[in-house]
Amino acid sequence: MKSLNQYWQQRDLQHVWHPCTQMKDHEANIPLIPIQRGKGVWLYDFEGKAYLDAISSWWVNLFGHAHPYIQSRIQSQLSELEHVLLAGFTHRPVIELSEQLVRITPKGLEKCFYTDNGSSAVEAAIKMSFHFWKNHHQPQKKKFVCLSNSYHGETLGALSVGNVSLYKETYGPLLFEVITAPSPDAFLAPKDVDIITYTRQQFEKIKILLEKDADCIAAVIIEPLVQCAGNMRMYHPLYLTLLRECTEKLGIHFIADEIAVGFGRTGTLFACEQAGIVPDFLCLSKGLTGGFLPLAVVMTTSTIYQAFYDDYHTQRAFLHSHSYTGNPLACSAALATIELFEKNAVIKNNQAHIQYMKTHTEKWRNYPYVADVRQTGMILAVELMAEPHSQTPFAWQRRVGLQMYREGLQRGILLRPLGDVIYLMPPYVISETELSFLIDQVDQCLQQVALNIQSECA
Ligand code: PMP
């Protein structure tokens, strides 16, 4: 007799091909978890087992699952209009959302171009930057600069400007070349160099690359403050301030990819605020709709916009489109999300969570195999390594992160480690009791996995 979970698992494996997954793992090794419903920070399978969603379902969920206010806003929009193309037509949610986004993002970003996922927002920003220079009679400005260990999505353009080999290497022959500068990753800073000096040193390296090729470079693309998919590596905001100054001086665009870090993840509403910068392009997605519906946006300045604005016959327009651009339901979810931020003083109230996570995870620094515990706002990461002192990673074949994932599931928490980096990125509605439960369970997982490793080594 099959259990309800098994029933859905087996039906799924007949036809569903899951993202970022070796499907064979699901046949024996790693059971697929069918989820029936969600409420707040909890996900429930078909047999009622609860999992605390410690990673906000790939960082999208801000206010918990099935949030009644976001639901109601989508429902009332649904009874009026589900979708209309955004070329030649418009609608209230997209107009209102654009007004709100301009209001809440760093001053100077005045135009909103919508896509329906993060990668396609990055694609649009890259194309816009190149096209801007072309419209300004500088078609040779077509190179892009990115950081080592950066991640900007999986479509070919976004993958080209990323640098995580796990995702990129296989498709290398299909990608365009980029200039890659060493990242200012604080974890890699020599122990005897203070963070400010190190940040300046790393900045000098990218500055040399930018100065050398400024005539050919369209833009630098960067994830402000945290390289999330690149194992939650973090860096000092000074790097962004220096880089922004430099790009402005050299006539190079600055693309801030806040797809993962936007909407409060780093402690401020947008990470760029901590560096006091305004980028030429700001890419947003994930938390934009509170995790309800797919939507992304590229925000840019009037200066960029004006380079495309002309009589039709000059052929300067940005002829890029996606069928679901600016979907009214998704825009309504985004409007509800922005309202919740303000109604509930979320940024201010998150300070208590940030402090709680900091205080209660400090002791993990002394646990075996813990090479680093780092935190930027609502993102807390623990890096496990075979030899923390020399920063020697575990052989990837050991899949230590996977052991943590399994231990977590047994204890009712959903972690999805990046390699051997475990991180907490919970929905903001998490209560102190839930946060305490989560941290206790991770604590037990860390101890159990350390025991497993020790017994494997014995
Ligand atoms: N940029 C960053 C910084 C991301 O973290 C992600 C997704 N993890 C993307 C772009 C791509 O977004 P999507 O998965 O919606 O295509």
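Start at 1 and go down the list; that is how both ligands and their atoms are numbered.
Every atom of ligand 1 with a heavy atom of Tyr151 under 4.0 Å away is listed here by number and element: 1 (N), 2 (C), 3 (C), 4 (C), 6 (C), 7 (C), 8 (N), 9 (C). Taking every non-hydrogen atom of Gly153 and a distance limit under 4.0 Å, the qualifying atoms of ligand 1 come out as 10 (C), 11 (C). In the vicinity of Ala260, heavy-atom distances shorter than 4.0 Å reach the ligand 1 atoms 5 (O). Atoms of ligand 1 found under 4.0 Å from any heavy atom of Glu223, numbered from 1 in the order shown, are 3 (C).
Not a single heavy atom of Glu154 sits closer than 4.0 Å to an atom of ligand 1. Ligand 1 lies out of reach of Trp58, whose nearest heavy atom is not under 4.0 Å from it.
Of the candidates Thr241, Thr376, Thr268, Gln274 forms a side chain to side chain donor-acceptor pair (under 3.5 Å) with just one, namely Thr268.
Relative to the ring axis of Phe132, Lys141 does not place its NZ or CZ within 45° and under 6.0 Å from the centre. For the pair Arg233 and Phe187, the NZ or CZ position fails the cation-pi test of under 6.0 Å to the six-membered ring centre and within 45 degrees of the ring normal.
Neither the backbone nor the side chain of Cys228 comes within contact range of ligand 1; no heavy atom lies under 4.0 Å.
Residue contacts with ligand 1: Asp257 is placed with a nitrogen or oxygen under 3.5 Å of a nitrogen or oxygen of the ligand (distance criterion only).
Looking at atom 16 (O) of ligand 1, its nearest protein heavy atom turns out to be Ser119 OG, 2.6 Å. Atom 12 (O) of ligand 1 has its closest protein heavy atom at Gly118 CA, 3.3 Å. Of all protein heavy atoms, the one closest to atom 8 (N) of ligand 1 is Lys286 NZ, 3.0 Å.
His65 and Lys39 share no side-chain donor-acceptor pair at under 3.5 Å. Of the N and O atoms on the side chains of Tyr235 and Gln227, not one donor lies less than 3.5 Å from an acceptor on the other residue.
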Name each donor-acceptor pair under 3.5 Å that joins a side chain in residues 104-112 to protein atoms two or more places apart or in another chain, with its distance.
unit_1: Thr105; atom_1: OG1; unit_2: Leu101; atom_2: O; d: 2.6
unit_1: Glu110; atom_1: OE1; unit_2: Ser302; atom_2: OG; d: 2.5

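Using bins of under 30°, 30° to 60° and over 60° for the plane-to-plane angle, the ring pair Tyr167/Tyr151 lands in the perpendicular bin.
Atom 14 (O) of ligand 1 is not flagged as protein-proximal [any protein heavy atom, distance under 4.0 Å].
Counting only residues at least two apart or in different chains, salt bridge (Lys or Arg N to Asp or Glu O under 4.0 Å) contacts with residues 15-26 comprise Asp25-Arg399.
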